[in-house]
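Data first, discussion second: the structure below is written as structure tokens.
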2 protein chains.
Amino acid sequence: MRISTRFSDSIHILAFIEIYKDIKVSSEVIASSIETSAVVVRRLMGNLREAGLLDTKQGSAEPKLAKDPSQITLLDVYFATEGNKPLFELDKKTNPDCIVGGNIQEVLGDYYEQAKISAQRKLNETTLKDVIETILVKQKYKDSQK
Amino acid sequence: MRISTRFSDSIHILAFIEIYKDIKVSSEVIASSIETSAVVVRRLMGNLREAGLLDTKQGSAEPKLAKDPSQITLLDVYFATEGNKPLFELDKKTNPDCIVGGNIQEVLGDYYEQAKISAQRKLNETTLKDVIETILVKQKYKDSQK
DNA sequence: CATTTATGTAACTCAATAAGTTACACGAAT
DNA sequence: ATTCGTGTAACTTATTGAGTTACATAAATG
């Protein structure tokens with residue numbers, strides 16, 4: 001299983017907006033930090049807006065977090081970008097006339113759900129505030145090494 | 001993130017082999033339970049063999065589990081099929097000259113690792129024996145409803 | 001208030017990858 | 001010896017995420 005870079009990129013976007021909240025921040029500028037295109041950034045910002053995590057206004061380069069960073073968890077961002085997609089893929093169909101094929105999907109589905117919930121619970125323990133603080137601490141250390 | 005059907009299919013294969021251990025089981029037969037092709041099944045069986053979970057012999061339709069079903073966890077199968085691929089994708093590169101871009105990969109990597117371990121721990125709690133038993137119980141219930 | 005700047009979004013291309021197919025060498029069973 | 005089955009390489013196809021182009025519309029600016 002693999003979670004696409006959309007998730008990482010969305011966290012990146014939110015962290016960037018919060019850290020640089022005092023200056024103008026266009027999708028172009030954010031894109032250059034992620035090293036992707038501005039359109040991709042805008043698309044992701046659209047998801048974050050729909051999820052109620054971000055406020056944006058067309059035409060104005062002034063995105064704002066819709067909540068305090070301490071109230072946004074990685075799980076919130078996960079749902080905003082990945083929705084309710086399953087973490088583990090089940091087959092579309094297996095042979096219903098076979099004992100194994102006829103039952104395994106349901107059985108595995110239950111176990112997968114447990115593993116997924118477990119991962120999500122962990123993501124829910126970390127807030128955007130934690131991420132930002134850790135980024136700033138790391139940067140401070142780098143600066144002190146120069 | 002999404003784990004491919006290879007994982008589900010591999011568990012399916014192992015469960016099938018164990019349940020039908022008294023009769024001849026060719027890749028063709030297993031494929032018809034999964035509703036896929038025999039070559040795909042053989043490829044997966046190759047992975048399981050490499051991981052030390054399955055014994056197969058070229059030419060003979062008699063695959064055997066290499067361990068007792070109670071000693072094979074879903075995590076073992078996970079590693080056999082998915083290896084050590086990350087659960088969450090990080091960007092290949094972000095702008096090192098930006099405070100956010102220069103630090104976020106390392107920061108997120110740490111949090112991702114925690115979530116991944118959490119999911120894996122859950123997968124490690126379930127054995128092939130559990131899966132097989134649950135399949136058989138479900139089947140028994142279905143049969144009793146006829 | 002006209003011009004510039006920026007967002008929001010649709011439509012398309014491109015690349016990566018999982019799944020499925022064909023082909024065939026080689027081992028095992030009969 | 002012939003048939004059956006595995007192991008594997010090489011190819012095709014489908015899906016999907018990422019990136020691009022284009023443009024309508026909203027806000028900022030001088």
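Every chain is numbered from 1, with letters handed out A, B, ... down the list of sequences. Heavy atoms only: backbone and side chains are in, while hydrogens, waters and symmetry mates are out.
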What residues, two or more places apart in sequence or in another chain, satisfy side-chain hydrogen bond (donor to acceptor under 3.5 Å, both in side chains) together with [X]?
X        : value
A/Glu133 : A/Lys129
A/Tyr20  : none
A/Lys138 : B/Glu106

Could you tell me how far apart [X] ([atom1]) and [N] ([atom2]) are, to the nearest whole angstrom?
X       : N      : atom1 : atom2 : result
B/Glu89 : C/dT17 : CD    : P     : 9 Å
B/Leu44 : C/dG20 : CG    : C1'   : 12 Å
A/Lys93 : C/dA19 : NZ    : P     : 16 Å
A/Leu48 : C/dG8  : CG    : P     : 11 Å
B/Glu35 : C/dG20 : CD    : C1'   : 14 Å

Qualifying side chain to side chain donor-acceptor pair (under 3.5 Å) pairs with a residue from residues 43-54 of chain A, counting only residues at least two apart or across chains
A/Arg49-A/Thr56

Quick one: list whatever passes side chain to side chain contact (heavy atoms under 4.5 Å, CB included) with [X], sequence neighbours left out.
X       : result
B/Glu28 : B/Ser26, B/Ala38
B/Asp22 : none
A/Ser8  : B/Leu90, B/Leu108, B/Tyr112

Any ion pair linking A/Glu113 and A/Lys116 (charged N to carboxylate O, less than 4.0 Å)?
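No, A/Lys116 and A/Glu113 are not salt-bridged.
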
Taking 4.0 Å as the cut-off, does a side-chain nitrogen or oxygen of B/Thr36 come that near to OP1 or OP2 on C/dG20?
yes

Would you tell me if any nitrogen or oxygen in the side chain of A/Lys85 comes within less than 4.0 Å of OP1 or OP2 on D/dT16?
no

Tell me every residue that passes salt bridge (Lys or Arg N to Asp or Glu O under 4.0 Å) with A/Lys93, counting only those two or more places apart in sequence or in another chain.
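Per chain and number, A/Lys93 pairs via salt bridge (Lys or Arg N to Asp or Glu O under 4.0 Å) with B/Glu35.
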
Using the test salt bridge (Lys or Arg N to Asp or Glu O under 4.0 Å), find all partners of A/Lys142 that sit at least two apart in sequence or belong to another chain.
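A/Lys142 satisfies salt bridge (Lys or Arg N to Asp or Glu O under 4.0 Å) with no other residue.
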
Could you identify which residues of residues 10-30 of chain B place a heavy atom less than 4.0 Å from some atom of DNA chain C, listed by residue number, or say none?
none

Between protein and nucleic acid, restricted to nucleotides 9-12 of chain D and to nitrogen or oxygen atoms under 3.5 Å apart, what atom pairs and distances do you find?
from	atom 1	to	atom 2	distance (Å)
D/dA10	N6	B/Arg43	NH1	3.3

Of A/Leu54, A/Leu53, A/Leu14, A/Val40, which meets side chain to side chain contact (heavy atoms under 4.5 Å, CB included) against A/Met45?
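That would be A/Leu54; it is the only one of A/Leu54, A/Leu53, A/Leu14, A/Val40 passing the side chain to side chain contact (heavy atoms under 4.5 Å, CB included) with A/Met45.
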
Give, ordered by number, those residues of residues 50-63 of chain B having at least one heavy-atom distance below 4.0 Å to an atom of DNA chain D; if nothing qualifies, reply none.
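Heavy-atom contacts with DNA chain D come from B/Thr56, B/Lys57, B/Gln58, B/Gly59, B/Ser60, B/Ala61.
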
Mapping B/Arg49 and A/Thr5 onto DNA chain D by nearest heavy atom, which one lands closer to the 5' end?
B/Arg49

Quick one: which of C/dT9, D/dT8, D/dA18 gets closest to the side chain of B/Arg42?
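Given the options C/dT9, D/dT8, D/dA18, the side chain of B/Arg42 is closest to D/dT8.
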
